[in-house]
Amino acid sequence: MAKFPAGLRVLAVDNDPTILTIIKEMCLQFHYHGAIVVTFYDASLALNHVSENKDCFDVILIEVHMPNMDGYEFIQHVRKEINVPIIMMSLNGATGVVMKAIEHGACDFWIKPLHKNQFKIMWKHVVRKLWSENKLPKKDDSKFTYSINAIVRYQGKSNSNSKETNVNESNDCYEPPTKKPRVVWTPALHNQFINAVKQIGLEKAQPKRILEVMKTPDLTREHVASHLQKYRFYLKGSNGVTLQ
DNA sequence: AGACCTATCT
DNA sequence: AAGATAGGTC
């Protein structure tokens with residue numbers, strides 16, 4: 001028997017074909033073998049498809065910024081047609097964008113680039129929503145049968161052997177998406193950098209030496225090198241007048 | 001290989 | 001604009 005997430009029916013809407021390809025690959029890769037992934041590049045097409053095929057999907061992924069109909073508008077309409085978790089995606093993770101997504105009823109927000117872990121835990125949204133609505137498998141609801149049965153089987157399984165799995169009751173702690181955080185050169189950090197450069201001497205200040213002098217825990221030579229490039233560029237522009 | 005630099009990408 | 005990444009040179 002297939003493990004639970006198999007059979008999860010995913011509808012992906014994004015105007016970028018590469019993203020759609022990635023989503024397809026991810027779904028297959030992450031034990032969603034047998035998953036039905038329907039992809040659309042146009043939100044209005046997707047909307048039509050949903051209204052013609054209600055109860056055919058378990059989760060919807062939608063990009064916020066779409067050419068014709070944007071993600072927010074799509075959500076407003078699609079929620080009247082189908083009641084499934086909707087995840088919004090965008091390159092822009094500004095709080096305004098994210099909050100607007102949540103206000104419109106998105107259950108999650110994925111900041112691009114998409115990460116494996118997001119797909120890994122995607123099915124939890126489906127389970128939580130069904131549980132929160134007390135939805136039990138209806139034998140006459142053939143469209144939902146597969147995934148719901150899968151959930152029931154899964155529950156039975158985890159009851160019989162008390163093996164610890166990922167799905168604990170409704171814990172809200174997601175596995176943090178292990179994305180590499182980018183270094184922010186706060187004024188304090190920049191000051192350390194400047195002090196190091198001063199100490200070494202501008203002419204002799206090179207990434208490795210600067211890094212050694214700074215001795216900041218998780219900073220790498222590449223980080224410093226990149227920052228140094230910007231700093232030099234800045235010095236050139238201000239022509240030595242405003243270097244502090 | 002490792003460190004540096006420049007150009008390019010996001 | 002700020003930081004990351006790539007590619008070339010020594």
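The chains referred to below are lettered A, B, ... by the order of the sequence lines, with proteins before strands, and numbering in each begins at 1. Since the model is a prediction, treat every value here as computed from it, not as a measurement.
When the P atom of C:dG7 is taken as reference, atom CD of A:Glu222 falls 15 Å away, rounded to whole Å. Protein atom CG of A:Leu228 is 13 Å distant from nucleotide atom C1' of C:dG3, rounded to whole Å. Atom-to-atom, CD of A:Gln229 to P of C:dT5 comes out at 14 Å; the value is rounded to the nearest Å. What separates CZ of A:Arg221 from P of C:dA4 is a distance of 14 Å, to the nearest Å. Rounded to whole Å, the distance from CZ on A:Arg182 to P on C:dA1 is 14 Å.
As judged by a 4.0 angstrom heavy-atom cut-off over every strand, A:Lys230 is placed among the base-contacting residues. Among the atoms of the strands shown, none is found under 4.0 Å from any heavy atom of A:Arg209.
Within the 4.5 Å cutoff, the side chain of A:Glu63 has no heavy atoms near those of the A:Ile19 side chain.
Here A:Tyr72 contributes atom OH and A:Ile62 contributes atom CD1; the two are 11.0 Å apart, rounded to the nearest 0.5 Å. Residue A:Ile102 holds its CD1 atom at 6.5 Å from CG of A:Asp108, rounded to the nearest 0.5 Å.
Running 5' to 3' along DNA chain B, contacts with non-hydrogen atoms of chain A at under 4.0 Å begin and end at B:dA3 to B:dA7.
Dashed line: the shortest gap from a side-chain N or O of A:His223 to OP1 or OP2 of C:dA4 is under 4.0 Å.
Centroid-to-centroid, the aromatic rings of A:Phe193 and A:His223 stay 6.0 Å apart or farther.
Criterion: ILVMFWY side-chain heavy atoms under 4.5 Å apart, direct or through other members. Under it, A:Tyr234 and A:Trp185 are part of a common hydrophobic cluster. Transitive grouping of hydrophobic side chains (ILVMFWY, heavy atoms separated by less than 4.5 Å) keeps A:Leu61 and A:Leu91 in distinct clusters.
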